[in-house]
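Notes follow once the structure below has been shown.
In what follows, chains are A, B, ... by sequence order, proteins preceding strands, each numbered from 1. Remember, it's a predicted structure, so these values are computed and weren't measured experimentally.
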Amino acid sequence: MCYGVKARTEMSLRIAKSRGNKEAAEKLAKLLDPFPEFDLHYGNGFTHPKLVVYTDAEPREPQLALWGLIPAWVKDDAQGKQMWNQTLNARGESIFEKPAFRNSAQKKRCIVFVEGFYEHHHFGKKTYPYFIHLKDRPQFALAGLWEEWKDKESGERKHTFSIVTTDGNELMKRIHNNPKADGPRMPVILTEADEEKWLAPIQNTSDEDAIKALIKPYPADAMTARSVRPLLGKEGTGNADGASEIYEYPELLLADPLA
DNA sequence: CCAGACGTTGTT
DNA sequence: GTCTGG
DNA sequence: CCAGACGTTGTT
DNA sequence: GTCTGG
């Protein structure tokens with residue numbers, strides 16, 4: 001789920017300025033300075049990009065965190081690397097129970113602003129990448145969990161995060177059709193009003209229920225998608241500008257899942 | 001009691 | 001760290 | 001998860 | 001088709 005996301009530097013800076021203040025945006029600009037202007041950040045278990053997150057600890061302060069949550073109890077770097085390949089996503093249904101996520105679900109939630117995300121559609125014997133985004137908002141927040149992990153050997157501290165998933169809506173059902181699936185999934189997309197609710201502290205069970213109520217599919221009619229060039233491989237556009245540009249596949253036009 | 005796991009994704 | 005399985 | 005490989009022979 | 005590597 002969420003093969004990758006689009007989160008350009010320009011967008012991140014714009015959000016930092018509107019959420020926080022000028023200083024926050026300037027600080028972020030320095031952190032992002034060596035960042036290339038990519039249209040795709042992979043989240044596929046082999047590439048672990050750093051993205052800008054806003055945490056419940058400091059909701060107005062942009063921070064960089066590594067995609068792939070490492071629980072605080074992980075004992076060494078090797079175990080951490082093994083773990084983060086499996087914590088790019090967190091199933092919304094179980095975040096309050098799973099050992100890897102429950103501490104974060106309770107008191108370390110975050111949001112990640114993206115312009116859209118990528119998923120593969122299976123048709124015939126091939127897979128076709130799609131870029132999925134909202135019709136009426138240039139960017140939006142995904143619900144995430146974060147954690148801070150300290151490497152006892154090197155003393156290094158790592159901030160990591162995971163994106164919370166939920167059932168796929170009607171749009172995702174048509175695109176996200178991998179042959180080995182239990183059912184289509186999608187990231188939890190938050191409305192502007194829900195962004196602050198997701199970051200609000202939990203002090204009792206009704207607060208917790210309020211958080212759980214946010215974990216639900218986003219309305220399909222508010223979303224749209226387009227096929228794009230292959231992301232990986234010889235022809236892959238990968239981490240490059242233009243990865244999210246529309247690209248029509250002739251064979252798909254006959255049986256476009258979105259038609 | 002100790003050892004080992006701790007996680008997600010995936011159709012027609 | 002904490003739970004489960006043996 | 002997707003992309004790519006998928007094999008053997010021969011000396012120093 | 002199925003496994004491995006990224």
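Of the candidate nucleotides C/dG1, D/dC2, B/dT8, C/dG1 has the atom nearest to the side chain of A/Pro99. Each of B/dT8, D/dC2, B/dT9 was ranked by its minimum atom distance to the side chain of A/Lys98; first place goes to B/dT8. When distances are taken from the side chain of A/Arg102 to each of C/dC3, B/dC6, D/dC2, the shortest belongs to C/dC3. With distances taken from any side-chain atom of A/His120 to the nucleotides B/dT9, D/dC2, B/dT8, the minimum falls on D/dC2.
The distance between atom CD1 of A/Ile163 and atom C1' of B/dT9, rounded to the nearest whole Å, is 13 Å. Atom CG of A/Asn85 and atom C1' of D/dC1 are 11 Å apart (whole Å). Going from atom OH of A/Tyr42 over to atom C1' of B/dT9 covers 18 Å, rounded to whole Å. Between A/Trp73 atom CH2 and C/dT4 atom P the separation is 14 Å, expressed in whole Å. The distance between atom CG of A/Asp167 and atom C1' of B/dT8, rounded to the nearest whole Å, is 15 Å. In this structure, A/Gln79 places its CD atom 13 Å from P of B/dG4, rounding to the nearest Å. Regarding A/Trp67, its CH2 atom lies at a distance of 15 Å from the P atom of D/dC1, rounded to whole Å. The NZ atom of A/Lys75 sits 10 Å away from the C1' atom of B/dA5 (whole-angstrom rounding).
Looking only at atom types and distance, the side chain of A/Thr224 has no donor-acceptor partner in the side chain of A/Lys135 under 3.5 Å away. A/Arg91 and A/Thr165 share no donor-acceptor pair across their side chains, judged by distance under 3.5 Å alone. Using modelled atom types, one finds no donor on one side chain facing an acceptor on the other under 3.5 Å when comparing A/Ser206 with A/Asp209.
Between B/dT9 and D/dC1, the two C1' atoms lie 6 Å apart (nearest whole Å). Taking the P atom of each, D/dT8 and E/dT4 are spaced 16 Å apart, rounded to whole Å. B/dG4 sits 37 Å from D/dA5 when the P atoms are compared, rounded to a whole Å. Taking atom P in both D/dG7 and E/dG5, the straight-line distance is 12 Å, to the nearest Å. Comparing the P positions of D/dC2 and B/dT12 gives an interatomic distance of 14 Å, to the nearest angstrom.
Within 4.0 Å (heavy atoms only), A/Ala72 reaches no atom of the nucleic acid at all.
A/Leu32 CG to A/Lys27 NZ: the interatomic distance, rounded to the nearest 0.5 Å, is 12.0 Å.
Under 4.0 angstrom from either OP1 or OP2 of B/dT8 there lies no side-chain N or O belonging to A/Ser162. Look at A/Arg185 and you'll find a side-chain N or O under 4.0 angstrom from OP1 or OP2 of B/dT9. For the pair A/Thr87 and B/dC6, the criterion of a side-chain N or O lying under 4.0 Å from OP1 or OP2 is not met. Distances shorter than 4.0 Å separate some side-chain N or O of A/His122 from OP1 or OP2 on D/dC2.
In this structure, B/dT8 makes no Watson-Crick or G-U wobble pair, since no nucleotide meets both defining distances under 3.5 angstrom. Pair check for C/dG5 finds B/dC2; Watson-Crick or G-U wobble, both atom distances under 3.5 Å.
Aromatic ring centres of A/Phe101 and A/Phe96: separated by at least 6.0 Å. You'll find the ring centres of A/Tyr3 and A/His120 inside the 6.0 Å limit.
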